[in-house]
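I have placed the structure first, in the form of structure tokens, so that the comments after it can refer back to it.
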Amino acid sequence: MRLLFDENLSRKLVSRLEDLYPGLRVVPNGCVRALEKRGCGSTDSDFFELSTTLGPPPKVIWLREWTHPTKDAEGVLRNEAIRIAEFARDPELGLLILEKD
């Protein structure tokens with residue numbers, strides 16, 4: 001699954017995470033643009049509601065209640081790489097919620 005992140009996450013994540021998520025991009029309206037085989041990452045609760053109402057696609061990775069610095073987002077996305085990969089492979093799953101510990 002190729003990931004798009006909404007603009008509410010830093011573009012710095014692209015270079016910091018390219019080893020784990022090839023093709024990662026941070027774009028305006030990233031989740032709105034995510035279609036079929038793309039997943040989207042956002043801190044916006046609207047995408048949580050969209051995902052729980054409509055289901056996939058797109059697959060949504062929601063960083064819940066996110067007010068942390070970019071380095072923390074990088075850490076969570078690195079620590080959860082296996083879980084994100086499993087989420088990406090399962091066509092039945094439409095929402096993955098991540099939080100900072």
Side-chain angles (χ1 to χ4, degrees):
M1 173 176 75
R2 295 178 68 202
L3 288 173
L4 291 178
F5 281 129
D6 220 300
E7 71 273 3
N8 50 20
L9 290 165
S10 174
R11 293 182 189 278
K12 294 176 185 177
L13 289 171
V14 173
S15 61
R16 293 180 182 182
L17 295 170
E18 64 189 350
D19 59 322
L20 288 176
Y21 307 103
L24 172 68
R25 293 186 333 180
V26 176
V27 296
N29 300 311
C31 286
V32 173
R33 294 180 183 193
L35 301 171
E36 295 177 16
K37 295 187 179 184
R38 288 193 180 253
C40 65
S42 182
T43 61
D44 190 337
S45 63
D46 289 347
F47 293 105
F48 164 79
E49 293 170 16
L50 177 70
S51 178
T52 56
T53 302
L54 301 177
K59 294 171 96 47
V60 175
I61 298 172
W62 182 43
L63 284 82
R64 181 176 21 203
E65 297 178 5
W66 202 262
T67 58
H68 310 290
T70 299
K71 67 180 175 94
D72 290 345
E74 177 186 3
V76 167
L77 292 166
R78 283 192 176 282
N79 292 339
E80 298 289 353
I82 292 172
R83 197 166 149 215
I84 291 169
E86 291 169 351
F87 168 72
R89 284 191 296 271
D90 189 333
E92 299 298 315
L93 297 177
L95 176 66
L96 177 63
I97 300 172
L98 300 178
E99 298 178 283
K100 184 174 183 278
D101 294 332

Among residues at least two apart in sequence or on other chains, which ones pass side chain to side chain donor-acceptor pair (under 3.5 Å) with E18? none

Please list every donor-acceptor pair under 3.5 Å in which a side-chain atom of residues 9-17 meets a protein atom from a residue at least two apart or in another chain.
unit_1: S10; atom_1: OG; unit_2: K12; atom_2: N; d: 3.0
unit_1: R11; atom_1: NH1; unit_2: V26; atom_2: O; d: 2.6
unit_1: S15; atom_1: OG; unit_2: K12; atom_2: O; d: 3.3

Quick one: do K59 and L96 satisfy side-chain contact (heavy atoms from CB on, under 4.5 Å)? Show the steps, please. CA-CA 8 Å; K59 294 171 96 47; L96 177 63; over 6 Å; no

Quick test of your reading: applying salt bridge (charged side-chain N to carboxylate O under 4.0 Å, His left out), list the pairs with at least one residue in residues 39-57, sequence neighbours left out, ordered by first then second residue. none

Let me know which of F47, F48, F87 forms a ring-ring contact (aromatic ring centres under 6.0 Å, His included) with W62. F48

Heavy atoms only: give me the nearest S51-V60 pair and the separation to one decimal. CB-CG2, 3.8 Å

On a heavy-atom basis, which atom in P91 and which in P56 lie closest, and how many Å separate them? O-CG, 3.9 Å

Could you check if a side-chain atom of T43 sits within less than 4.5 angstrom of a side-chain atom of D6, using non-hydrogen atoms only? no

Judged by atom type as modelled, is there a donor-acceptor pair below 3.5 Å linking the side chain of Y21 to the main-chain atoms of L77? yes

Measure the shortest side-chain to side-chain distance between L63 and I97 over non-hydrogen atoms and say whether it is less than 4.5 angstrom. no

K100 vs N79, test: side-chain contact (heavy atoms from CB on, under 4.5 Å). Steps then yes/no. CA-CA 10 Å; K100 184 174 183 278; N79 292 339; over 6 Å; no

About how many Å separate CD of E7 and OG of S42, when rounded to the nearest 0.5 Å? 8.0 Å

Return a table of donor-acceptor pairs under 3.5 angstrom between the side chains of residues 64-73 and protein atoms on other chains or two or more places apart.
unit_1: R64; atom_1: NE; unit_2: E99; atom_2: OE2; d: 3.0
unit_1: R64; atom_1: NH2; unit_2: E99; atom_2: OE1; d: 3.2
unit_1: W66; atom_1: NE1; unit_2: H68; atom_2: O; d: 3.4

Distance, nearest 0.5 Å, that separates CG of L4 from CG of L24: 8.0 Å

side-chain hydrogen bond (donor to acceptor under 3.5 Å, both in side chains) pairs touching residues 81-98, sequence neighbours excluded, are E80-R83

